[in-house]
Protein chains: 2
Amino acid sequence: MVYGLHAVRALLMRDPQRVSRVYLQQDRRDARADEIERLAHAAGRAVERVDARRLQARLGQAVHQGVLAEVAPLAGWSEQQLLDAVIRTPDALLLALDGVQDPHNLGACLRTADACGVLALIVPRDRAAPLNASARKVAAGAAETTPVATVTNLARTLGLLKGAGLWIVGADAQGSQPAHQIDLTGGRVLVMGAEGAGLRQLTRRHCDWLARLPSRGAVESLNVSVAAGMLLYEALRQRGEGG
Amino acid sequence: MVYGLHAVRALLMRDPQRVSRVYLQQDRRDARADEIERLAHAAGRAVERVDARRLQARLGQAVHQGVLAEVAPLAGWSEQQLLDAVIRTPDALLLALDGVQDPHNLGACLRTADACGVLALIVPRDRAAPLNASARKVAAGAAETTPVATVTNLARTLGLLKGAGLWIVGADAQGSQPAHQIDLTGGRVLVMGAEGAGLRQLTRRHCDWLARLPSRGAVESLNVSVAAGMLLYEALRQRGEGG
């Protein structure tokens, strides 16, 4: 399920085949709801007008704005699909997770990546959190909109992405520069390590820069999704899209 | 419990009376461990050398660096203590949560606030998540180091903080400016609303600026601790402390 005006509209424009049915709240009759109805009809998708209480029952406290879509799960990307997408996308921004094993953190990173317009999230097949129901729930819909590329060998994939013209930026407590001193405006892969352990040696060797994030407190490190959010925020700020 | 060289050292320097006992790993004999031992002895605190396995058993996967301290819980702050601390602190950076009801989010915000050197976290007494065991666990030790000021009336407290010379910056999806266009270098209170609902009207009216954060994706909004992390990151970047 994907809900909210913006999310459902984006899905109907980008990927209407994945939508099986759109639910619109009975009394929602305005330009934005009409546009969604029009897009759904144009793509041959079923639209149903439902009672506000029925939406509430399915979505609880979520801010659905009277719009809900049933969608087919987003298929994961292969390494080849990732490379194809990167080549088609100028200044692509990617997020890679190196050794993040907690599904909650995977979901939180996916949600953050989605909000920051990341092209895809890259995770290694082994020693990585599965994109299970718990991760999907925390992702709050982002698992249906931001593709996850699962790769056999993260270091190899980073090498291929470098070959495609991207630069690799690792987040590292011992990084040589604060994030804002690193140019994040072109095609970039931002790589986050596991909490505590950080980036693995092999991953670190593939990084063109190591970015330091705030760590002024008594606590050892930031949560990985918060650290990813800071680095992505900095990238968007540099790109003039910081808000 | 507080663990890690930096955290335990900071606690022994700032607030040694709260430490009841320090555990140091048996084989950890270096300048930084020695300094902790010296600080603990100087403050009349017990130090015990223990086996690495015993630390492991108590702390699991946490990165303890061979140092653990048992501490008395950090007392919450009253509004008056908050104001006193603000007056003593030039360019104080505070984080306030308006209507954040999930203990997990409270803990995550506390952890992020701690990493960013926030003076205190401000929460309203009503309609707010309790600082319970679940929140403390997610805070990963920050509940023992960053004070939480619980106030009866958040709007009133924001008014008093303005009187003390601070400016109030709310995070808001409809904010008039991206965060990086707002001056965050002086004394500032950053205010986060509940996910979905955002800031309450009364809180919003007390804000000197409303900061917009990235929202380019299909998903409705950022997790509140990630949004807080972005805004705090931006404040530290402007203060030349971004990493």
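All of these numbers come straight from a predicted model, not from anything done at the bench.
Legend: residues meeting ring-ring contact (aromatic ring centres under 6.0 Å, His included) with B/His104, ordered by chain and number and at least two apart, are A/His104.
Within 6.0 Å of the CH2 atom in A/Trp167, the count of heavy atoms belonging to other residues, nucleotides or ligands does not exceed 12. Remark: A/Gln17 CD is packed, more than 12 non-hydrogen atoms of other residues, nucleotides or ligands lying under 6.0 Å away.
Proximity to chain A among residues 230-241 of chain B is limited to B/Met230, B/Tyr233, B/Glu234, B/Leu236, B/Arg237, B/Glu241, judged by heavy-atom separations below 4.5 angstrom.
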TODO: Would you please test A/Arg111 and B/Leu222 for side-chain contact (heavy atoms from CB on, under 4.5 Å) and show each step?
DONE: CA-CA 7 Å; A/Arg111 178 176 177 182; B/Leu222 292 161; 5.6 Å; no

